[in-house]
Amino acid sequence: YRRNLPSSLEDPGAGAYKTEGDSRALADLDVLIGCMEYNFGKTLSRIGNLTAHGEITFDLLYAILAPGSIVLGTCSSTGKPRAYRLISAKLCSYGQTDFYLVECETLAAATVRDEGLELEDTAATFPTPAARRTFGMSQEMLKIRKFNGVTKINSLSVYPLEFHTDSAAMKAKLVKRGRRWAALNGVHHMQYSGIASRQTDDQHRMMKYSVSVTPITKRRLFVDIPSW
């Protein structure tokens, strides 16, 4: 959070800090920032110099993994960029390997019977349980493996959207794709030939299938799976 504090204080937004309590909290925050700069000035300087060039080291990785920020990862189904909201990041070790375990949440579609999603009831739209689908936030665990020296932030497996080479264009692309995906909710007459996927029961592996759905097949779904 420290990286964004100065800009937040300079542009607090309309109507901010109107109450006496807000003013007191702002004064306390100034003291906190001063204390941080006095005690951790060298570390903050390193972080500032690295991030200004879009770079980071593994020992300072925590500085760019702020809870609540939007990060980019890769969709396990499509291999395309996917946006997540970062919940937490924890430095872990397994054997002699260090890595960051990044807990995130992302938008997902599911039936109302699925567990682990914060869903809204859509009974009015989809009266039968089998057809009722809605959207909610699903949690995923991502990893950033240890690396040596200085590396580009946007080369990491998970990194903040702000460090993308064109973050505005990437955000617009993700929003456009997300709206197209959400529009498929419900029953549609479609023609499709390509890859589909589903998550295994243990939730740790994604299985891919070759799918062909056309009007000629009279609404049949042909799936080519490894055990076919």
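Along the sequence shown, the residues carry numbers beginning at 1.
- Residues meeting the side chain to side chain contact (heavy atoms under 4.5 Å, CB included) test with Thr43, sequence neighbours left out: Ile47, Leu60, Tyr62.
- Within the structure, salt bridge (charged side-chain N to carboxylate O under 4.0 Å, His left out) pairs that include any residue of residues 62-76 do not occur (at least two apart or interchain).
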Full working for side-chain contact (heavy atoms from CB on, under 4.5 Å) between Thr57 and Arg46 | CA-CA 10 Å; Thr57 57; Arg46 283 183 61 204; 3.7 Å; yes

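- As a member of the Ile/Leu/Val/Met/Phe/Trp/Tyr network built from side-chain separations under 4.5 Å, Tyr94 groups with Phe99, Leu101, Met141.
- For Asp166, the side chain to side chain contact (heavy atoms under 4.5 Å, CB included) partners are His164, Ala168, Ala169, not counting sequence neighbours.
- With no hydrogens or angles considered, a side-chain donor-acceptor pair links Glu103 and Ser88 at under 3.5 Å.
- No side-chain heavy atom of Leu174 sits under 4.5 Å from any side-chain heavy atom of Arg179.
- Separation of atoms CD1 (Ile56) and NZ (Lys152) is listed at 12.0 Å; rounding is to 0.5 Å.
- Under the 4.5 Å side-chain criterion, counting only non-hydrogen atoms from C-beta, Leu72 is not in contact with Phe163.
- Looking only at side-chain heavy atoms (C-beta outward), Lys143 and Ser157 stay at 4.5 Å or farther from each other.
- Summarising the geometry, atom CD belonging to Gln139 is positioned 6.5 Å from atom CD belonging to Glu105; distances are rounded to the nearest 0.5 Å.
- Residues Val158 and Leu91 are members of one and the same hydrophobic cluster, defined by side-chain heavy-atom contacts under 4.5 angstrom among Ile, Leu, Val, Met, Phe, Trp and Tyr.
- Taking 4.5 Å as the limit, some side-chain heavy atom of Ser45 sits within range of a side-chain heavy atom of Asn49.
- In this structure, Ile153 and Pro160 have side chains that are in contact, with non-hydrogen atoms separated by less than 4.5 Å.
- Ile87 and Tyr159 fall into different hydrophobic clusters, where Ile, Leu, Val, Met, Phe, Trp and Tyr side chains are chained together by heavy-atom contacts under 4.5 Å.
- Not counting sequence neighbours, the partners of Thr151 by the side chain to side chain donor-acceptor pair (under 3.5 Å) test are Ser155.
- For Thr165, the side chain to side chain donor-acceptor pair (under 3.5 Å) criterion is met by no residue, not counting sequence neighbours.
- The side chain to side chain donor-acceptor pair (under 3.5 Å) check on Arg177 picks up nothing, with sequence neighbours excluded.
- Counted within 6.0 Å of CG on Asn39, heavy atoms from surrounding residues, nucleotides or ligands total more than 12; the atom is thus considered enclosed.
- Closest of all the heavy-atom pairs between Tyr84 and Cys104 is CB-CB, 3.6 Å.
- Hydrophobic clustering places Leu65 together with Val150 (ILVMFWY residues linked when any side-chain heavy atoms are closer than 4.5 Å, directly or through intermediates).
- Minimum interatomic distance between Leu161 and Met170 (heavy atoms only, all atoms of both residues): CD1-CG, 3.9 Å.
- Partners of Phe147 by ring pair (Phe, Tyr, Trp, His ring centres under 6.0 Å), not counting sequence neighbours, listed by chain and number: Phe58.
- Contacts of Lys146 classified as salt bridge (Lys or Arg N to Asp or Glu O under 4.0 Å), with partners at least two apart in sequence or in another chain: Asp98.
- Taking the salt bridge (Lys or Arg N to Asp or Glu O under 4.0 Å) definition, one finds that Arg145 meets it with nothing, sequence neighbours left out.
- To the nearest 0.5 Å, atom CG of residue Leu61 and atom CG of residue Leu50 are 11.5 Å apart.
- Arg82 places a side-chain heavy atom less than 4.5 Å from the side chain of Glu140.
- Taking both residues in full, the closest heavy atoms of Arg85 and Gly68 are given as CG-O, 3.9 Å, listed atom of the first, atom of the second, then distance.
- Ser69 meets the side chain to side chain donor-acceptor pair (under 3.5 Å) test with no other residue; sequence neighbours excluded.
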